[in-house]
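Computed from a predicted model, the values in this text were never measured in an experiment. Residues take their numbers from the sequence shown, with the count starting at 1.
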Amino acid sequence: MNFNAFDLNLLRVFDALMAERSATRAGERVGLSQPAVSAALNRLRALLDDQLFVRRGNEMVPTPRADDLCGPVREALRAIEAALGPPRGFDPATARRTFTLLGADFFSMLLMPRLFARWSDVAPGLTWRFLDSARGDVTRLLQDDAIDLALERPLETAEPIASAQLFVSPFALIARRGHPALSGVTPGDPVPLAIYCDLPHAIRSIDGTLSGMVDDALAKAGARRTVRIALPHFESVAEAVAMTDALAAVPRQFAEAVAERLGLTLYAMPVDVPAPDVRLYWHARRNDDPAHRWLREAVMGLAGELWG
C-alpha cells in the first residue's frame, strides 16, 4: 500500500463503523450518505486486503483485523483532532517553561527583578532569562526563537515582527551631587546651554557610537557637546558621572531609581529632546500563543504600573 496516496478520510469512516456497526448510522456520524460509507468501506477492504466488517443480521461485525486496527486508528484520530483544535490555555501555576527577553540594563535592573518576585511563588515552574541588547539583531533573534520578547526603543523591523508601546521614556540630565559648575542651577531646572556644552559627557552606546538623539537636538539649536566616554550600560554611565564632572542624558525612570544610591542630581535638558517610546517586540507567529500572550500581558502590566 502506498501510504502517501492513502485517503485519511477513510479512517474516519472506519472509526464510525467501529462505533456504530451500521453504515447508515456511521454516515450520520461523519456527515456522509449510506452509499458513500459503503464505497469508502470497499476502498478500505481493497487497500487492507481484509473484509473488515461482515454483516450479521442488521449489524456489521468487525473482523479480527478490524479489531486490531480499532485502538491505534482511534488514538491517531484523537491526536489529530487535538492538534488541530483550539490551543490549550496557559496556566502559570503549573507551566514549566523558560522565557527569554532582551533589552538594556535599564530593564534588567528595574523590571526583571520585580517581574520575578511577582511570579516566583505562584509560577515556580517558570525560568526567566534576560539578554543584553548587544546580543544581536532583534528581528533575527525573534525569527530564530532565540528570544521571546525584546524591549527596545523604536526599531526598523521586518513585517512579521509585531510591537506595542510599553511607555514613554523622557530624558533626564544627571550630574554628581555638588558639581562645582552647576552650583548656581536649581535641581530639576534646565542646565544653561553654554555650561552644558562646556562640560564632558558620557553616553550609553552598545556599538561605540559617540552621538545620538541628544546631538540631533543640539544641532538644531546650533550647539554641540563633547562626548568623552561611551559605555554599553546605563549603570556604568551613571557610575562614570558619579565619579567625574561628566554629565549624561539617561531615561528619567532610571535616573530617579539610582540617584540616591550613586549621589546624583537630576536636571532638565537645555534643549528639547523628543521623549522616545519604549516598545515591546515579538514575532507575529506568537500572537495567539496563550503562553506568549500571558508573558506579554505580564510584562506590559508591570511596566504600566511602574512607568505608565
Side-chain angles (χ1 to χ4, degrees), residues 102-110 132-139 150-157 163 165-177 179-259 262-279 281 307:
L102 174 142
D105 63 316
F106 175 105
F107 298 105
S108 62
M109 291 176 59
L110 303 183
D132 191 85
S133 292
R135 184 63 176 260
D137 177 67
V138 167
T139 296
L151 300 88
E152 291 285 356
R153 298 281 176 88
L155 301 172
E156 292 185 7
T157 58
S163 72
Q165 185 187 63
L166 270 182
F167 59 94
V168 176
S169 178
F171 287 103
L173 184 63
I174 55 173
R176 67 179 175 92
R177 193 173 297 157
H179 196 302
L182 303 178
S183 59
V185 183
T186 301
D189 284 354
V191 171
L193 185 58
I195 296 176
Y196 177 89
C197 293
D198 191 49
L199 291 169
H201 289 261
I203 66 169
R204 184 242 176 188
S205 173
I206 62 173
D207 61 2
T209 301
L210 297 177
S211 63
M213 295 179 63
V214 170
D215 299 279
D216 294 338
L218 286 170
K220 290 180 179 179
R224 59 180 297 178
R225 62 178 177 172
T226 300
V227 173
R228 295 286 304 281
I229 185 169
L231 297 163
H233 302 116
F234 287 116
E235 175 71 12
S236 57
V237 168
E239 292 274 3
V241 168
M243 297 176 184
T244 68
D245 285 341
L247 307 180
V250 298
R252 173 167 292 279
Q253 296 91 340
F254 172 80
E256 292 172 346
V258 302
L262 296 179
L264 302 174
T265 301
L266 276 62
Y267 299 93
M269 296 292 294
V271 292
D272 183 26
V273 182
D277 291 341
V278 175
R279 302 189 66 81
Y281 293 89
W307 308 304

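Interatomic distance, Leu199 CG to Thr244 OG1, rounded to the nearest 0.5 Å: 10.0 Å. To the nearest 0.5 Å, the span separating CG on Asp105 from CG on Leu110 amounts to 8.5 Å. Rounding to the nearest 0.5 Å places NE2 of His233 at 9.0 Å from CD1 of Ile206. The structure places CG of Asp272 at 9.0 Å from NZ of Lys220, a figure rounded to the nearest 0.5 Å. The distance from atom CZ of Phe107 to atom CD of Gln253, rounded to the nearest 0.5 Å, is 8.5 Å. In this structure, Glu156 CD and Thr139 OG1 are separated by 10.0 Å, a value rounded to the nearest 0.5 Å.
Looking at every heavy atom in both residues, Ala202 comes nearest to Ala246 through N-CB, 4.3 Å. Residues Thr265 and Arg177 share a closest heavy-atom pair of OG1-CA, 3.6 Å. Looking at every heavy atom in both residues, Ile174 comes nearest to Val241 through O-CG1, 3.7 Å.
Ser133 places a side-chain N or O within 3.5 Å of a backbone atom of Gly103 that can act as its donor or acceptor partner. Not one N or O on the side chain of Glu256 forms a donor-acceptor pair closer than 3.5 Å with the backbone of Pro251. A donor-acceptor pair is defined here as one N or O able to donate and one able to accept, closer than 3.5 Å; no such pair exists between the side chain of Tyr281 and the backbone of Thr157.
In this structure, the side chains of Phe106 and Arg204 stay at 4.5 Å or more apart for every pair of heavy atoms. Looking at heavy atoms from C-beta onward, Asp215 lies out of side-chain contact with His201 at the 4.5 angstrom threshold.
Looking at Leu264, Asp245, Val185 one by one, the single match for side-chain contact (heavy atoms from CB on, under 4.5 Å) with His179 turns out to be Asp245.
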Side chain to side chain contact (heavy atoms under 4.5 Å, CB included) evaluation trace for Leu173 with Tyr196: CA-CA 10 Å; Leu173 184 63; Tyr196 177 89; 3.6 Å; yes
Leu218 and Leu193: CA distance, side-chain angles, deciding distance, side chain to side chain contact (heavy atoms under 4.5 Å, CB included) verdict: CA-CA 9 Å; Leu218 286 170; Leu193 185 58; 3.8 Å; yes
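The environment of Arg228 atom CZ is sparse: at most 12 non-hydrogen atoms of other residues, nucleotides or ligands sit within 6.0 angstrom. Shown here is Arg279, whose CZ atom has more than 12 heavy atoms of other residues, nucleotides or ligands within 6.0 Å.
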